[in-house]
Every structure is written in C-alpha cells, then in structure tokens.
2 protein chains.
Amino acid sequence: MESFLPVDPLSHFPIQNIPFGAGIFSDSTEPRCVSRIGDFIIDLKALEEKGVFSDISSKPLFSDPALNTFMAEPKNIWRLVRERIQSIFVSTNSTYKDDLALLEEVTKRISQFKSTIPVRINGYTDFVSCKNHMINMYTILGKNPADIVNENWARMPLGYHGKSSSIVVSGTPLIRPKGQSFNRELSQPVYGPTQKLDHEVELGVFLGGKPNKNGEPISISSAEENIFGYVILNDWSAREICLWEMNPFGLFTGKNFQTTISPWIITPFALEPFKAPFEPQDPIPVEYLQEPNHAGYDINFETFIKTESLSEPFKISRSNMCDLYWSPSQQLAHLTVSGANIEVGEIYGSGAIASKDNINGCACFMEINKGGRVPMTLPNGESRVWIEDGDEIIITASCQGNGFVVGFGEARGKVLPSI
Amino acid sequence: MESFLPVDPLSHFPIQNIPFGAGIFSDSTEPRCVSRIGDFIIDLKALEEKGVFSDISSKPLFSDPALNTFMAEPKNIWRLVRERIQSIFVSTNSTYKDDLALLEEVTKRISQFKSTIPVRINGYTDFVSCKNHMINMYTILGKNPADIVNENWARMPLGYHGKSSSIVVSGTPLIRPKGQSFNRELSQPVYGPTQKLDHEVELGVFLGGKPNKNGEPISISSAEENIFGYVILNDWSAREICLWEMNPFGLFTGKNFQTTISPWIITPFALEPFKAPFEPQDPIPVEYLQEPNHAGYDINFETFIKTESLSEPFKISRSNMCDLYWSPSQQLAHLTVSGANIEVGEIYGSGAIASKDNINGCACFMEINKGGRVPMTLPNGESRVWIEDGDEIIITASCQGNGFVVGFGEARGKVLPSI
C-alpha cells in the first residue's frame, strides 16, 4: 500500500502505520486528535466534521482534545477508523489527492504542529518483565543470576503502581530530582539532587475498550481487546534513592518524578505483520498467566545520548521487544488478577528491556556502568557513569518491513539542573 | 454555634462540621455536590443557583457532579464557602429557617439520598507511617522492633502508589480477591481466592488547591495549602499475596483490588479545634521533613466486625490519628520531594493506625491474630482468624467536642465470595 502523500522511505510513519496522537496546530491553542503519514499531520476532528467516520460511529470520536473518547470504543471501531484513514490517503483514491483545497483542510505540515500528551492518563503501572535485565542486575548486585528461576519474578510479572500525573510527552525537559538516600561514609541519610540518574528503555501499553468491573479480572484470552496501542516509555530512575527507600514496600520517590513517552500511539494493527515469538517460559506459569501464543512484536529499540559537547547523538544500546519474558497480555491479566478494574487511558510499562548482549544491549546506565563501576567513553572523549545535567536521552523504536518501516518516532528528554 | 436544623447530640455532623460530599437524590440520576447537617443533606448546586456564593466566586463551584472543581480553588475559598453554609443554617439566621418552601429547595432528608464517590480520584498513594503498627508487624515476623529506628522507615514516610480506579465509597461490597501466593507445603505458587483477607484502618487525605509544577517539590511549610480534607480509608489487603509479591519491587496485586473510603470529606477547619501533638520524632528527620509543629488531630478510630450471625457490629479495635509517627504534611512533602507533581483530586492514605495497646488498639486482623496464630472470639462464640465471606468491616472516626461531635461517619464494606 502506498499513499499519495510523499513519505521518505526511512520515515517511521508510512501509510502502513497510521498512529494516533494529539497536538496543537500553530493556528490554534487547543490540542486535537491527529494521525500522521510521513511529515503530514492528519486532523482527525476535521476529517470527522467532513462525515468521513459517520458510518462507523454515530457519536463524535474526535471532539475530545485527547484520544480518550476514541479509546473507549471497542477494538473493532479502532480498526475501522484506521482502515478508513488509510483508504482516504491511499494513492488509488483521488478524492483528497486531486482536491488540494480539501486536502489542506484536513492535513497540516509537521512544522505547524506540536505534540501534546495524547491521552489523559489516569493510571500508571510499571512491570519488571525482562529476564536479561534481571540477570544483569543480579550480577551487578553480586547475586547469583541462576536463582532468578526460583523466585517470584519467574512466576508472575512483578510490578508496582506509579504516578500517572508525572508522565510527560517526548521533548519535555527533566528537572534533576532530589531526594533522600543513605550515605555509607557518613552512616546517615542525606538529602539532595540524585547523583545516580538513570533511564530505562521500556515499551508502554495504553488501555482502552470496555473496562472490566471491579472484582472481575481480565482473562489472558481477552486481554488484547483492551490494548489500544503502544509507545516508547523512558522510566527515569534515581538509583540511590530507589535503593534506600524500596525495602520493604517498594519503589516510590526514586521513580515517581517523571516518565517520558513518545507522542504517537502505534496500534496492534500496524504491528501485526511484525508478530514474533518470545522465548518459551520455564517454569510454566500458573494457569491465569498461560497463553496459547506467547509472542510480541519484532520492535527494535535504540538508545542514544546527546551531551552538550557531542555534535550528534551517540548510540549506547539496542534491544528488542522480544527480549521480554512476560508479554503485555500476561501483564494485563496479572494487573487485574485480584479484580482491580482498569480505566480507559491507563498505561503500563513493560519494564526495562535488555538484550542478551550485556555490553551493547543494556536497558539502562546501571547495566552499562556495571553498578557505577565502569564509565562509558563517548566519541569526543567525554566519560559518563550516570546521566549528567545537559545530557539528552533519546530512545527510538521501529519495525523493519519489506520496503517500509513502521516506527514509534522517539521519546527524548534533556536533563536540567535541580531547582 | 447551633443550627435551626435538628441535630442529634451524637450526630457526627453538627453545624460545627460541614463536610463535603457528593451523591444522588432520589428524584434524580446525576450525582451532585452536597454538604450535611444532622440528617439533612444540603444541595450545594441549589444553593449556588440561589446566588449564595456569588460574592465568593464568580465561577460556578458546584455544577460539577463531584467536588473536583471546588477543590481546585484555593484554601481561602474552601473556608469562605464553609462559613457561608454555616451562616445560612445557624439558628440566628431566619432567611431559610422561616421559609419552609425555600428550605426544601436546598435541603433533602438523608433517606432521599445515596452517597457517591465524592471526587474523581486521579492518584492514590499509600504510606506506612505508624510506629506502633511497625512494632506489631516486626514482632509478628520475628524481627526485633528496636531495629526500626535504624531503618529507612524511621527516616521518611515510606509509601507506594496504589490503584486509584479501585477506590470505592462506603457500602460498596468487596468481591474476595484472587491471586498468586506461595504454598510452602506444596513448595510452589498457587492461584485462588485469598485465604488471608484483612483490613487496615487509615486516614485518607484529599488534595486540592494549586498543584505544584513537575520538578518543584511542595515544601512542608506550604503543604497544608493543598490539603482539602480527610476521610476514613480501609486499605483492604490480601496478606499471603502481598507476602509473595512484595520483595523486591513492592506491594501490588495484594493491595490494588479495592480501597474503601467514607463518603464525607471532613475539612481542616472542622478539625482545627481538635489539633493535638504527635510524639516527638527520634531520630530528627532530614531537613525537608522537619516541621515546626508536629501535630495531627485527636481523631478516634473504631473498627467493628458484623458477621452474618452477629446481631450487631462488634468492636475489634480503637486507635487515634495521633498514634501516627509521620504527619500528613510530612507525607505530602515526601511524596513530592523528587519533584513529582500532584493533581487536584488525588488521595493518600496514612498507613494502618494502631495504638500502643497491641490487644485492643490493632490496625488490622494480622495484628489481632498475631500473624494468623491467635483466633479472635466473637460474642456469639464464632471465631475469626481472617475476614470471611459475609463479614462486614465498619470503621468509624470522630472527635469529641464540648457538647458536640465532629465525625466522619463510617467506611463500611461487606465481603462477597470470589467470582
């Protein structure tokens, strides 16, 4: 399939993608729901006002400044809307192609657009679901990685709830967090800006569709009905703050300050051609976590650092969604196993995704620096143990198709000094 | 101060209280914002439409079906509205007192009313802030309670984020949660309804006012500007599920299934006469947690069980807000120390509140049953180790004034079998 809108062959957003997002056009102040082909932003509200979706839904789907109203529809509506957008911009349809005035009413150039957070997020959960990441962390902490299979981690997707209010869209700076940690030399707690700021490469999953009722878990077989789409998620972490606070009640202020997501939500329909198996699970999970097809998508993540002195971003790692051990469906089944109800607009993170290559496939600085012991040398001779003020972390993700790419764009954030 | 509306001397809601809530009148289907004196429900939207608040706010405060719009106003507006309500219903004001038709337009009997969740809750945090509770738990787990002062718990209000979507209003049944736990006899994880269902007596704190910006912590000196009011909070817990999942990432599905709150939000103004000191803290906290006046309110909590065979609720414990070690202001300063931003409508729980009396002052069944070892005998001869299907847990809270009570009503929930 090809669009009449020009698309660079390396673009993450060919007509095969059709992501959903929100943002503000330069002639407006209100965010609106959009899609994208190449560098053309598709105004979904304008399309809706032309009646393009009137046979799909009698209710307005895109008069909301974020995607929540659309996300509350069932999966079949998401699919039909996506296919309708494709059908309008496919090269064989001349309606908009041959009417430039009409085309301009429903599309804008990306230079006239600024992304906003695409969803009003009312819940955030973060999982820890990558075995390679666990092995790296165990090794760093002097524990035996072989023990992992005997622990709770290998039996269920462990997770914790996070602070949804502090999720921001790519491009938002991060003010270096402050907090309390334990200073071993002084033998006492100290307060100040984190000295061990880190990132974590994750996949974010947005929930939509019909929420479950409180008390009624979502079964693994129906979990995909509630998965609206995927984003890149950077789970910024303050390592020494986490270390001091997490035992026994869990992660809190070392994680809750900010989480960065990419602005475009990539749908399961766009990712379907890239379906790829996860490694088989051993031990076999408890019944409610067993799925017939233990699979994800062949999504390649790449992480870059751009310091103020570097002339261009420097790649520090790569990994793949299929490096995960627990799948998004297993995560959702576990999140709700107790009967917890979800809401439309919730997001959960996969947990840090590391490949088996513990040099080039790390999910975070802590893995790269082996717990703070091994500095990383950048091409200009600079060295980094942890993320410093002025550094920008950029995570990209994409799937390589046959002659096209389905990508996520990027989740980027620059670190500013503490206030 | 006295109201011309009749108030039972034991009522939790004299004119000295003026709580805020929301609910549905029997002649309507839409929730609306309300207050209460005795068994009279005050329709705040109706009062607003009469222009009663027009000199206080030019914007509508109560056209919202929940309190969020009002809560977003600054503390001084909350105070003025409360005082205005008092001035309308005080016995010396004849405007509404002497005009029964007018009075009926703005008040309804409680029999014509059903409480709803008073706030659209978009964030939930639970702290663990009571030293007595920690001592009881350490003793049960075979640890030395004297060690607590050397641990992170004594240095900051430890906490974790919870699932705000599963917070329900008093009266909502709890469907017994299912989950995964580790069966020692079988030496493997098992899945099923929790066998160790528990409650926790907590104080909930609702946030309002002007939220902080991401990156800018709320200082302890300004924390009270963001505290809209207080409710009773029952942090239902599935103990064996918590135990299996919590190490190392924290509490998750053993807590996220349901949390019950009382329907009426009690304001700091109503509680002001009951200000009472906490015990001094030792060790002295790190700077950002130091407060000149380490105090709470003299709020007495009582917890009851009503089994299907008991003719009336049986009291199982009592404790007081001043049994807490960390104050609500310290909790808010810590929640945001990293720069995490709050939103209007967030809630946080104090953590289980136990008194020094580890027999009659327990915060939960686990303390009463000494970790499952000591059954409780009820007046009708029934025995309980954990909460069983059909049991109802009722928590009340109140402050004893001079000739009146300022109370919270109750947070109640009956346990139904797993689905």
Side-chain angles (χ1 to χ4, degrees), chain A residues 122-125 128 152 155-156 158-166 168 172-175 177-180 182 189-191 194 211 214-217 238 241 244-258 286-289 334-335 337-343 346 416 418-419, chain B residues 122-125 128 152 155-156 158-166 168 172-175 177-180 182 189-191 194 211 214-217 238 241 244-258 286-289 334-335 337-343 346 416 418-419:
Chain A
N122 44 20
Y124 170 43
T125 304
V128 190
N152 57 6
R155 298 299 192 156
M156 56 192 167
L158 293 187
Y160 61 95
H161 294 296
K163 191 153 197 343
S164 55
S165 63
S166 65
V168 299
T172 309
L174 167 66
I175 296 167
K178 291 190 282 195
Q180 193 182 132
F182 191 79
V190 293
Y191 162 63
T194 177
N214 201 340
E216 299 180 9
I241 298 172
W244 173 228
E245 76 183 355
M246 73 187 288
N247 180 27
F249 304 114
L251 296 161
F252 186 34
T253 66
K255 292 276 194 178
N256 76 353
F257 49 91
Q258 192 155 302
V286 168
E287 182 185 340
Y288 74 95
L289 293 171
H334 186 61
L335 170 63
V337 64
S338 61
N341 57 313
I342 60 160
E343 288 182 350
E346 277 191 40
L416 305 182
S418 284
I419 292 175
Chain B
N122 43 22
Y124 169 43
T125 304
V128 188
N152 58 6
R155 298 299 192 155
M156 57 192 168
L158 293 186
Y160 61 95
H161 295 296
K163 192 152 196 344
S164 54
S165 63
S166 65
V168 299
T172 309
L174 167 66
I175 296 168
K178 292 189 282 194
Q180 194 182 129
F182 191 80
V190 294
Y191 162 64
T194 178
N214 201 340
E216 298 180 11
I241 298 173
W244 172 229
E245 76 183 356
M246 71 187 288
N247 179 27
F249 303 114
L251 296 161
F252 187 35
T253 66
K255 291 277 194 176
N256 76 354
F257 51 89
Q258 193 155 304
V286 168
E287 183 186 340
Y288 74 95
L289 293 171
H334 186 62
L335 171 63
V337 64
S338 61
N341 56 313
I342 61 160
E343 288 182 351
E346 278 191 38
L416 305 183
S418 283
I419 293 176

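To find a chain, count down the sequence lines: A is the first, B the second, and so on, and within it residues start at 1. Hydrogens, waters and symmetry mates play no part in the numbers below; they use all other heavy atoms, side chains included.
- Comment: B:K163 does not engage A:E343 in a salt bridge, judged by the lack of any side-chain N to carboxylate O separation of less than 4.0 angstrom.
- Summarising the geometry, atom OG belonging to B:S166 is positioned 12.0 Å from atom NZ belonging to B:K255; distances are rounded to the nearest 0.5 Å.
- Looking at A:I419, the atoms closer than 4.5 Å to chain B (heavy atoms on both sides) all sit in the side chain, from C-beta outward.
- Contact count against chain A (heavy-atom pairs under 4.5 Å) is highest for B:G162 among B:P173, B:S418, B:G162.
- Contacts of B:T125 with chain A are made by side-chain atoms alone, with heavy-atom separations under 4.5 Å and no backbone atom involved.
- Your options are A:P189, A:G339, A:S338, A:G179, and the one with the most heavy-atom pairs under 4.5 Å with chain B is A:S338.
- Looking at A:I241, neither its backbone nor its side chain comes within 4.5 Å of chain B, counting heavy atoms on both sides.
- The OH atom of A:Y191 sits 7.5 Å away from the OH atom of B:Y288 when rounded to the nearest 0.5 Å.
- With chain B as partner, the option from A:N341, A:V286, A:V128, A:V190 having the largest number of non-hydrogen pairs under 4.5 angstrom is A:N341.
- With chain B as the partner, the residue from A:H334, A:M246, A:M156, A:Q258 showing the most heavy-atom pairs under 4.5 Å is A:M156.
- Using a 4.5 Å heavy-atom threshold, the side chains of A:V337 and B:F257 count as separate.
- In B:E216, the CD atom is crowded: over 12 heavy atoms of neighbouring residues, nucleotides or ligands sit closer than 6.0 Å.
- Here A:S165 is the residue among A:A340, A:S165, A:G254, A:P177 with the most heavy-atom pairs under 4.5 Å with chain B.
- Within the 4.5 Å cutoff, the side chain of B:L416 has no heavy atoms near those of the B:L174 side chain.
- For the residue pair B:E245 and A:N152, no side-chain donor N or O sits within less than 3.5 Å of a side-chain acceptor on the partner.
- Counting heavy-atom pairs under 4.5 Å between each of A:I175, A:I342, A:N256, A:T172 and chain B puts A:N256 at the top.
- Ranked by heavy-atom pairs under 4.5 Å with chain A, the list B:G123, B:P248, B:S164 is led by B:P248.
- Between A:F182 and A:W244, the ring-plane angle classifies as tilted under the 30° and 60° cut-offs.
- Heavy-atom distances place the backbone of B:N122, and not its side chain, under 4.5 Å from chain A.
- Of all the listed residues (B:G159, B:G215, B:A238, B:G250), the one sharing the greatest number of non-hydrogen pairs under 4.5 Å with chain A is B:G159.
- Interface residue B:T253: backbone and side-chain heavy atoms are both found under 4.5 Å from chain A.
- Between the side chains of B:Y124 and A:H161, no donor N or O sits under 3.5 Å from an acceptor N or O.
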